[in-house]
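Below is one structure; the comments refer to it alone.
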Amino acid sequence: MPEGDTVLQTATRLHEALAGQVLTRSDLRVPRFATADLSGRTVLDVTARGKHLLTRIEGGLTLHSHLRMDGAWRVYAPDERWRGGPGHQIRAILANAEHTAVGYRLPVLELLRTSEEDRAVGHLGPDLLGPDWDPGRALDRLLAAPERPLGEALLDQRNLAGIGNVYKCELCFLARVTPWLPVGALPDGALPRLVTLAERLLNANRGRPTRTTTITSELRTPPGPPSPPSATAAPGATAATPAPARAPARPRAPQPVRVQERLYVYGRARRPCLRCGTPIRLADQDDRPTYWCPGCQSGPTP
């Protein structure tokens with residue numbers, strides 16, 4: 001699922017493939033811009049802003065795209081087969097002599113003046129992965145609506161840009177509160193720590209191929225040892241002369257089990273919590289699947 005870290009990775013791949021190169025082909029497959037031809041123009045840079053992508057092009061133009069839930073940009077060599085999906089899902093093609101960038105299932109694609117980028121991204125709060133990151137300003141925006149559920153506030157890109165549904169669930173778990181707890185009901189000091197943690201998590205994953213929010217491994221202790229085996233009758237024994245009881249097996253000390261997981265709660269419905277073993281719960285919050293541990297996280301639930 002595209003979030004701030006994966007969108008930044010996409011911007012990096014597109015920048016490496018397109019920046020400084022003259023476009024030999026452009027094809028924008030949305031009705032409003034279907035006749036626009038960017039061929040012959042040089043791509044200046046590709047930048048991520050929160051979960052938005054800005055491809056800046058010679059002549060004061062910016063191609064703005066947003067991946068939302070399942071959009072994607074793929075980069076191919078000239079003779080490489082395109083594998084991002086069927087042809088009818090392609091929304092944009094930008095090619096130069098060395099690479100072709102293909103945008104699949106892009107729900108937002110618009111061409112605008114670079115000087116007017118604020119129309120597309122001016123509403124965003126501080127970017128967790130951007131040079132404008134300002135934790136104090138993000139905190140002020142979150143606290144502006146103390147009655148709002150924490151999960152909804154974290155997803156609102158006007159508060160801080162880059163958090164998606166995965167990070168929402170994981171951050172609430174790490175804060176030990178449910179996503180339905182009002183922002184103003186968080187314990188003292190919890191919200192500043194959460195904002196700091198959000199920036200640390202996204203930065204830790206900005207270069208990883210697979211998003212990880214857990215520590216390297218979790219140590220869990222399985223249930224206690226099984227009961228000793230029951231005594232069995234010795235040869236020739238009868239009910240009147242029972243066999244001598246066998247010495248009970250010495251119980252083995254529980255051994256920690258090393259569990260490799262990349263996420264604490266997201267996508268783990270009904271599986272045991274990595275911390276306490278309670279089954280992870282799943283419900284919708286604002287039409288988004290939301291995961292939490294009823295054993296570790298306090299606060300209201302649906």
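Here the structure is a predicted model, which is why all the values come from computation and not from measurement.
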Next on the checklist: Quick one: does any side-chain atom of Thr278 pair with a main-chain N or O of Cys293 as donor and acceptor, under 3.5 Å?
Outcome noted: no

query = Is there side-chain contact between Leu201 and Leu174, with at least one heavy-atom pair below 4.5 Å?
reply = yes

State yes or no: do Met69 and Trp73 share one hydrophobic cluster built from I, L, V, M, F, W and Y residues joined by side-chain heavy-atom distances below 4.5 Å, directly or via other members?
no

The ring-ring contact (aromatic ring centres under 6.0 Å, His included) partners of His66 (sequence neighbours excluded) come to His52

Treat each ILVMFWY residue as a node, draw an edge where side-chain heavy atoms are under 4.5 Å apart, and state whether Val121 and Leu63 are in one component.
no

Please check if the side chain of Glu261 supplies one atom and the backbone of Leu274 the other of a donor-acceptor pair under 3.5 Å. no

Using atom types as modelled and distance alone, determine if a side-chain donor or acceptor of His64 lies under 3.5 Å from a backbone N or O of Glu110.
-> no

>> Run the side-chain contact (heavy atoms from CB on, under 4.5 Å) test on Arg49 and Leu124 for me, step by step, so that the C-alpha distance in whole Å, both residues' side-chain angles and the decisive distance to 0.1 Å come before the verdict.
In response: CA-CA 8 Å; Arg49 181 73 173 85; Leu124 297 176; 3.6 Å; yes

Sorted by chain and residue number, the side-chain contact (heavy atoms from CB on, under 4.5 Å) partners of Arg262 (sequence neighbours excluded) come out as Thr210, Thr212

Are Leu202 and Leu8 close enough, and set up right, to give a side-chain contact (heavy atoms from CB on, under 4.5 Å), and what steps lead you there?
-> CA-CA 10 Å; Leu202 266 74; Leu8 180 64; over 6 Å; no

Note: Asp132 and Pro126 closest approach over all heavy atoms is OD2-CA, 3.9 Å

Closest heavy-atom pair, Leu282 versus Pro289, reported as atoms and distance to 0.1 Å, is CD1-CB, 3.8 Å

Value for CG (Leu14) from CG (Leu94), rounded to nearest 0.5 Å, stands at 8.0 Å

CD1 (Ile57) and CG (Leu111) are apart, to the nearest 0.5 Å, by 6.5 Å

What one should report as the nearest heavy-atom pair of Leu143 and Val183 is CD2-CG1, 4.2 Å

For Cys296 and Cys273 the tightest heavy-atom approach is SG-SG, 3.7 Å

Exercise for the section: State, yes or no, whether a side-chain contact exists between Cys169 and Thr290 at a heavy-atom distance under 4.5 Å. Expected result: yes

In this structure, CG of Asp134 is separated from CG of Asp127 (nearest 0.5 Å) by 12.0 Å

(message) As a quick check of understanding, evaluate side-chain contact (heavy atoms from CB on, under 4.5 Å) for Arg25 and Thr100, giving each step before the final call.
(response) CA-CA 9 Å; Arg25 179 186 179 187; Thr100 299; 5.7 Å; no

- request: Output yes when a side-chain donor or acceptor of Thr24 lies under 3.5 Å from a complementary backbone atom of Ala95, and no otherwise.
  value: yes

Side chains of residues 152-164: which donor-acceptor partners sit under 3.5 Å, not counting sequence neighbours?
residue	atom	partner	partner atom	Å
Asp156	OD1	Arg158	N	3.0
Asp156	OD1	Arg158	NE	3.0
Asp156	OD2	Arg148	NH1	2.7
Asp156	OD2	Arg158	NE	3.3
Asp156	OD2	Arg158	NH2	2.8
Gln157	OE1	Gly162	N	2.8
Gln157	NE2	Leu155	O	2.9
Gln157	NE2	Ile163	O	2.9
Asn159	ND2	Ala153	O	3.0

When rounded to the nearest 0.5 Å, the distance separating OG1 of Thr213 from CG of Asn205 is 7.5 Å

message: Walk me through whether Leu150 and Val177 qualify under side-chain contact (heavy atoms from CB on, under 4.5 Å).
response: CA-CA 9 Å; Leu150 177 61; Val177 297; 3.7 Å; yes

*Any donor-acceptor pair under 3.5 Å linking the side chain of Thr62 with the backbone of Thr55?*
no

Determine, using the 4.5 Å side-chain heavy-atom cutoff (strictly less than), whether Leu139 and Leu129 are members of one ILVMFWY cluster.
yes

For Trp82, the other hydrophobic cluster members (4.5 Å side-chain criterion, sorted by chain and number) are Tyr76, Ile90, Ile93, Val102, Tyr104

- Does a side chain donor of either Arg56 or Thr47 reach within less than 3.5 Å of an acceptor in the other side chain? yes

**Item:** Heavy-atom side-chain proximity of Gln9 to Pro209 below 4.5 angstrom
**Value:** no

Between Pro2 and Gly71, the two heavy atoms sitting closest are CG-O, 4.0 Å

To the nearest 0.5 Å, atom OG1 of Thr10 lies from atom CZ of Arg74 at 7.5 Å

In short, ring pair (Phe, Tyr, Trp, His ring centres under 6.0 Å) pairs touching residues 276-302 with sequence neighbours left out are Trp180-Trp292, Tyr266-Tyr291

Compile the donor-acceptor pairs under 3.5 Å between side chains in residues 30-37 and protein atoms, sequence neighbours left out, one pair per line.
residue	atom	partner	partner atom	Å
Asp37	OD1	Ser26	OG	3.4
Asp37	OD1	Ser39	N	3.0
Asp37	OD1	Ser39	OG	2.9

The reported gap from CZ in Arg270 to CD1 in Ile280 (rounded to nearest 0.5 angstrom) is 11.5 Å

Sorted by chain and number, sequence neighbours left out, ring-ring contact (aromatic ring centres under 6.0 Å, His included) with Phe173 holds for Tyr264

- Item | Any donor-acceptor N/O pair, Glu3 side chain to Lys51 backbone, under 3.5 Å | no

Salt bridge (Lys or Arg N to Asp or Glu O under 4.0 Å) pairs touching residues 283-292, sequence neighbours excluded, are none

Residues at least two apart in sequence or cross-chain that pass side-chain contact (heavy atoms from CB on, under 4.5 Å) with His99, listed by chain then number, are Ala17, Val75, Asn96

Between Arg137 (side chain only) and Arg141 (backbone N and O only), is there a donor and an acceptor less than 3.5 Å apart? no

Taking every heavy atom of Glu117 against every heavy atom of Leu54, the minimum-distance pair comes out as OE1-CD1, 3.6 Å

Applying side-chain contact (heavy atoms from CB on, under 4.5 Å) to Glu116 and not counting sequence neighbours gives Arg113, Arg119

Connected to Val22, directly or through other members, by ILVMFWY side-chain contacts below 4.5 Å are none

In short, salt bridge (Lys or Arg N to Asp or Glu O under 4.0 Å) pairs touching residues 194-212 with sequence neighbours left out are Asp5-Arg211

